[in-house]
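A short write-up of the structure that comes next.
Both ligands and their constituent atoms are indexed starting at 1 by order of listing. Each residue takes its place number in the sequence, starting with 1.
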Amino acid sequence: MNKKVPERRCLICGTHKPKNELLRIVRLKDGSVVLDKTGKVSGRGAYICPNTNCYKKAKKIRRIESELGIDIPENIYEAVAAEISEKEDSEV
Ligand SMILES: [Zn+2]
């Protein structure tokens, strides 16, 4: 039996997916922001699909910022983009 993975919803397209299939951006207690690759970082999280469409839209409309109530540094977006291109490459 597979262990049930909790589902989370993409902020952009609204699709529900197991949380380990979404990218999680977390606001830490100290107000900094990280891309959480482990799913174990504690803090307030925002989830988006690991695909270019959701990423671009999130960045354009600043949806993650409004969800977390904080500015997302450019290096976080770069880390997200790198993660997405890695996943998309491996699916080809
Ligand atoms: Zn999405």
Side-chain angles (χ1 to χ4, degrees):
M1 289 290 279
N2 287 333
K3 208 171 137 195
K4 179 115 173 87
V5 177
E7 292 205 330
R8 292 291 181 270
R9 194 169 68 93
C10 171
L11 281 178
I12 306 304
C13 65
T15 304
H16 285 83
K17 289 178 194 268
K19 64 184 273 194
N20 57 6
E21 291 179 18
L22 293 164
L23 293 175
R24 181 173 187 243
I25 295 111
V26 183
R27 178 180 134 184
L28 304 178
K29 271 188 192 152
D30 67 3
S32 59
V33 181
V34 295
L35 172 61
D36 174 20
K37 295 186 187 183
T38 64
K40 295 191 172 95
V41 176
S42 70
R44 189 186 159 106
Y47 295 84
I48 65 165
C49 300
N51 68 48
T52 308
N53 282 345
C54 287
Y55 162 74
K56 279 191 179 158
K57 194 164 177 196
K59 194 173 177 187
K60 189 173 173 201
I61 67 175
R62 301 176 67 81
R63 186 65 183 86
I64 302 166
E65 282 87 337
S66 62
E67 177 70 15
L68 299 181
I70 196 168
D71 275 345
I72 307 298
E74 189 59 31
N75 68 318
I76 296 295
Y77 278 120
E78 282 167 11
V80 171
E83 197 69 9
I84 291 168
S85 68
E86 212 169 274
K87 281 180 198 286
E88 290 188 340
D89 283 351
S90 67
E91 279 166 15
V92 172

Mind checking side chain to side chain contact (heavy atoms under 4.5 Å, CB included) for T38 and listing every partner two or more places apart, or none if nothing turns up? D36, K40, V41

Acceptor/donor pairs from residues 46-57 side chains to any protein atom, 3.5 angstrom cut, sequence neighbours excluded:
residue : atom : partner : partner atom : Å
Y47     : OH   : R24     : NE           : 3.1
N51     : OD1  : N53     : N            : 3.2
N51     : OD1  : C54     : N            : 2.9
T52     : OG1  : E88     : OE1          : 3.1
T52     : OG1  : E88     : OE2          : 3.3
Y55     : OH   : Y77     : O            : 3.4

Taking R44 for its side chain and E67 for its backbone only, find out whether a donor-acceptor pair lies under 3.5 Å. yes

Please test K59 against E74 for side-chain contact (heavy atoms from CB on, under 4.5 Å), starting from the C-alpha separation and ending with a verdict. CA-CA 10 Å; K59 194 173 177 187; E74 189 59 31; 3.0 Å; yes

If you take all heavy atoms of D71 and R62, which pair is closest and at what distance? OD1-NH2, 3.3 Å

With sequence neighbours excluded, residues passing side chain to side chain contact (heavy atoms under 4.5 Å, CB included) with E83: L23, L35, K37, K87

Would you list the protein N, O or S atoms within less than 2.8 Å of the Zn ion (ligand 1), leaving out water? C10 SG, C13 SG, C49 SG, C54 SG

